[in-house]
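Only one structure is covered here, and it is reproduced in the block below.
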Number of protein chains: 2
Amino acid sequence: MTKPAPRPKTRIQRRNTGAILEAALEVFSAQGFRGATLDQIAEVAGLSKPNLLYYFASKEAIHLEVLTGLMDTWLAPLRALDAAGDPMEEILGYVRRKLEMSRDLPRESRLFANEILQGAPRMQPALAGDLKALVDEKAAVIRGWAEAGRIAPVDPHHLVFSIWALTQHYADFDVQVRAVLGEGHDPFAEAEPYLETLFRKLLAV
Amino acid sequence: MTKPAPRPKTRIQRRNTGAILEAALEVFSAQGFRGATLDQIAEVAGLSKPNLLYYFASKEAIHLEVLTGLMDTWLAPLRALDAAGDPMEEILGYVRRKLEMSRDLPRESRLFANEILQGAPRMQPALAGDLKALVDEKAAVIRGWAEAGRIAPVDPHHLVFSIWALTQHYADFDVQVRAVLGEGHDPFAEAEPYLETLFRKLLAV
DNA sequence: CGTTTGTCTGACCATCCGGTCAGACAATCA
DNA sequence: TGATTGTCTGACCGGATGGTCAGACAAACG
């Protein structure tokens, strides 16, 4: 057979591509794209390097697949923001879900952070495309709430940025947060009420 | 003469070490430590690779020198927080200075972000040492203000984290912010009044 | 059972990259 | 001016790393 391995078809393919993507997430998120090596990923996945390259065309291809495969998960919390719900509870719920993702999926957060820090060389289109569309849509919802006087007037885009910044900070800069707090702290447990208060005050009419 | 080049002594040494550190900041901040190469730094600095290694012992040594050399600049805004000043104006001033640093010194911001994202392998001691000490000191000041009823009660450490997160986000995730906002926006100009409002509401008694 | 299709690997290659070194070249100064 | 000290480079080295390939091996299926 020729080189391009078809997408998950057989049982073995599903298992191995899954193991590779999981291992790649582990390694890429910890070392960045350039810092990660195929040998590391192969070892974590429990496969040989040539076997990785039997399933994926290149290191680039693995990275891209991890990135795109995680986009849906990553944007789900924002998608769940419901125009029909109560404004304050919807936004606070979004904050809470994002903070939980930072706590439970820090590798995903760091993976995206690494990519964007380097100028998003492999994600530029997705940012200006799907992401912008989604944010614009939800920003319109938030603007509607503000204009109806149901929350305080705020710039909806920068509100979203501030939610991203404040929640992802606890995943991306985890070592710094823990170093500054010292022993005996649970950053996420402390951040939750802090952020709830912050956004309640910001949005109260 | 032996290998270790003495610290800036002659005119030429000062000029070249300066050019190297400037070039290293440029390259390390854009590519991360692992992604940067000595050839790139040498080219940006206008020197040959062996000449870099005449002035610095290794790639590691250059990186460490850039990092430590920038710490003072980086922490200056927080150091300037004055216990004797007006609480609200002091904190808003700190926010403004940090945002200006994100705008004017984005390379420095990304350099630190890269380092911390990778687990701060070369900065752990500085974080748990000088940085923690400085933050603890200023946190005590803020706690004092809160207990005196001059600002609303807040967790001072997480207040500092939120200032870092919100301001550095505009430097570190610049491409994402610009992609989502689209053409015709000045992220920093928009962020300034947004952040001022946010912190005014958070801290108002 | 044999054939076809799919899975896997050891050995290998080319390139990149951090780092070395002998010695050329330039500045300084007695 | 000659000697000393400081600056710089071309050529080279060894290890790491992404990627290839011929063929061994296993599963599926008629």
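Reckoned from all heavy atoms, side chains included, excluding hydrogens, waters and symmetry mates. In what follows, every chain begins at residue 1, and chains take the letters A, B, ... in the order their sequences are listed.
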Would you list the protein and nucleotides 28-30 of chain C atom pairs, both N or O, that sit under 3.5 Å from each other?
{"from": "C/dT28", "atom 1": "OP1", "to": "B/R11", "atom 2": "NH2", "distance (Å)": "2.9"}

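With axes fitted over five pairs at each extremity, the angle between the ends of the helix from C/dC1-D/dG30 to C/dA30-D/dT1 is 0° (10° resolution).
The shortest heavy-atom contact between A/I91 and A/L159 is CD1-CD2, 4.1 Å. The two residues B/A80 and B/R97 come nearest to each other via the heavy atoms CB-NH2, 3.8 Å.
A/F199 meets the ring pair (Phe, Tyr, Trp, His ring centres under 6.0 Å) test with no other residue; sequence neighbours excluded.
A/D136 and A/H157 form a side-chain donor-acceptor contact under 3.5 Å, judged by distance and modelled atom types alone.
The CD atom of A/E65 sits 8.5 Å away from the OG1 atom of A/T17 when rounded to the nearest 0.5 Å. Rounded to the nearest 0.5 angstrom, B/R96 CZ and B/E192 CD are separated by 6.5 Å.
Legend: ring pair (Phe, Tyr, Trp, His ring centres under 6.0 Å) pairs involving residues 122-141 of chain B, not counting sequence neighbours: none detected. Listed by first and then second residue, the ring pair (Phe, Tyr, Trp, His ring centres under 6.0 Å) pairs that reach into residues 92-134 of chain A are A/W74-A/F112, sequence neighbours excluded.
A perpendicular orientation is assigned to the rings of A/H63 and A/F28, their planes being inclined by more than 60° (bins at 30° and 60°). Taking the six-membered ring where the residue is Trp, A/H169 and A/F173 present parallel rings, their angle staying beneath 30° rather than reaching 60°.
Mapping A/K59 and B/N16 onto DNA chain D by nearest heavy atom places B/N16 closer to the 5' end of the strand.
Rounded to a whole Å, the CG atom of B/L53 is 19 Å from the P atom of D/dG6.
Within the nucleic acid shown, B/R15 has no heavy atom closer than 4.0 Å to any nucleic acid atom.
For the contact set between residues 37-52 of chain A and DNA chain D, defined by any heavy atom under 4.0 Å, the members are A/T37, A/L38, A/K49, A/P50.
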